[in-house]
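Before any comments, here is the structure.
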Amino acid sequence: MENVVRDISDTARWVAVYRARESERPDAVFRDPYARALAGDRGEQIANALPLGQQNAWAWTARTYLFDRHVTQQIAAGADLVLNLAAGLDARPYRMDLPPSLRWIEVDLPEILDYKEQVLADAKPRCSLERVRLDLFNVDARCGLFARVGRDARRAVVIAEGLLIYLMPDAVHALGRDLAAISGIEQWIVDIVSPGLLRMLQEQMGDIVKQAGAPYLFAPPEGPMFFDACGWTPVAVSSMLKAARKLNRLPLFLRMIAMLPDSTGPQGSRPWSAVCLLAKSHTQTATPASAVTRNPPD
């Protein structure tokens, strides 16, 4: 299994395979006509070689579906700019029904964005699209970008799909504070896992992603309430397992588990993952954990 995943950019090719496979189903819950080309032969090789195989494709399908729904709802509510952190090979500006007036900014490392531009050279985005080649660990550079977004947008929404799991808690906290400091940024969409699921992922994939320089790190014991300390309040928490059940994507052995009530507190050793919509804390009355919406968005 050595060198199956060479670097962090390979994970983007790997995930694109699952978007392609879902898109090719007759009952697909989303369509990404660019995913197969973006994944390339390399992405297919990775997906076929890794222990997390097709039986776990439901997780990526549910995550993509939930992010799509949140983005759609935020744009309908008035968001005029989407800032996509660690955008990877995401093709939402090309595949979603977006208003032409919307501004979309993708941020990632030069290598992955250069590759993406090459593959999508003949495709036309449905909104105004800008790509920013930037290492998010460069705090000064990212704060400069966030400040520009705050000046340019009336109401920006940030998405960070598949990013936080690779960061230490202190780094997630710092990123959250930097975003919360910008007046034009009001919502942040993230995905998180429980400590129990993190341990499972580390057991199954730990050595592989470490060799790629991208170990799995972030699984806050307090769950979505982690973000309270960095200026954000969770207002909707959507379990990926329950979303996959509603989408009829779960293997048989998980369907009964998905019917159990969802815990409203920290998940601990339970293998749990969710997509969370966060709102800037100072823009609203703090929402208690018991009042957080815990169903997938319609």
What heavy-atom pair brings [X] and [Y] nearest, and what distance separates the two atoms?
X: Leu102; Y: Leu81; value: CD1-N, 3.8 Å
X: Val193; Y: Ser273; value: CG1-CB, 4.1 Å
X: Cys127; Y: Pro99; value: CB-O, 3.5 Å
X: Arg177; Y: Gly231; value: NH1-N, 3.3 Å
X: Leu38; Y: Ala91; value: CD1-CB, 4.3 Å

How about Phe218 and Tyr166: are their ring centroids closer than 6.0 Å?
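Ring centroids of Phe218 and Tyr166 are no less than 6.0 Å from each other.
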Is Arg13 salt-bridged to Glu111, cutoff N-O under 4.0 Å?
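Salt bridge: yes.
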Is any side-chain N of the basic residue among Arg21 and Glu44 closer than 4.0 Å to the acidic one's carboxylate O?
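Salt bridge flag = yes for Glu44 with Arg21.
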Starting from [Y], can I reach [X] by hopping between I/L/V/M/F/W/Y residues whose side chains sit under 4.5 Å apart?
X: Leu134; Y: Ile105; answer: yes
X: Trp272; Y: Leu217; answer: no
X: Leu260; Y: Val237; answer: no
X: Val107; Y: Phe137; answer: yes
X: Phe253; Y: Met259; answer: no

Can you tell me how far apart [atom1] ([X]) and [atom2] ([Y]) are? Round to the nearest 0.5 Å.
X: Cys276; Y: Phe226; atom1: SG; atom2: CZ; result: 12.0 Å
X: Ile189; Y: Leu85; atom1: CD1; atom2: CG; result: 11.0 Å
X: Leu120; Y: Tyr115; atom1: CG; atom2: OH; result: 9.0 Å
X: Leu175; Y: Trp232; atom1: CG; atom2: CH2; result: 9.5 Å

Could you check Asp108 against Lys116 for side chain to side chain contact (heavy atoms under 4.5 Å, CB included), going step by step and ending with a plain yes or no?
CA-CA 11 Å; Asp108 214 321; Lys116 186 176 185 177; over 6 Å; no
Tell me whether the count of non-hydrogen atoms from other residues, nucleotides or ligands lying under 6.0 Å of CG in Asp41 goes above 12.
no
Glu117 atom CD: more than 12 heavy-atom contacts under 6.0 Å:
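Check passes, neighbour count above 12.
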When you look at Gln73 and Leu277, which way does the side chain to side chain contact (heavy atoms under 4.5 Å, CB included) test go after all the steps?
CA-CA 11 Å; Gln73 290 174 358; Leu277 173 65; 5.9 Å; no
Is [Y] close to [X] at the side-chain level, that is, under 4.5 Å between some pair of heavy atoms?
X: Asn56; Y: Trp58; value: yes
X: Arg36; Y: Ser23; value: no
X: Val190; Y: Phe227; value: yes
X: Leu179; Y: Lys280; value: no

Quick check on side chain to side chain donor-acceptor pair (under 3.5 Å): which of Arg131, Arg133, Arg92 does Glu106 satisfy it with?
Arg131
How are the rings of Trp60 and Tyr18 set relative to one another: parallel (under 30°), tilted (30 to 60°) or perpendicular (over 60°)?
parallel
Side chain to side chain contact (heavy atoms under 4.5 Å, CB included) assessment of Arg63 paired with Leu66:
CA-CA 5 Å; Arg63 188 177 79 179; Leu66 290 170; over 6 Å; no
Trace of the salt bridge (Lys or Arg N to Asp or Glu O under 4.0 Å) decision for Arg249 with Asp27
CA-CA 11 Å; Arg249 291 296 182 269; Asp27 61 344; 3.4 Å; yes
For side chain to side chain contact (heavy atoms under 4.5 Å, CB included), just list the numbers for Val17 and Ile46, CA-CA rounded to whole Å, side-chain angles, deciding distance to a tenth of an Å, and then say yes or no.
CA-CA 9 Å; Val17 170; Ile46 295 169; over 6 Å; no
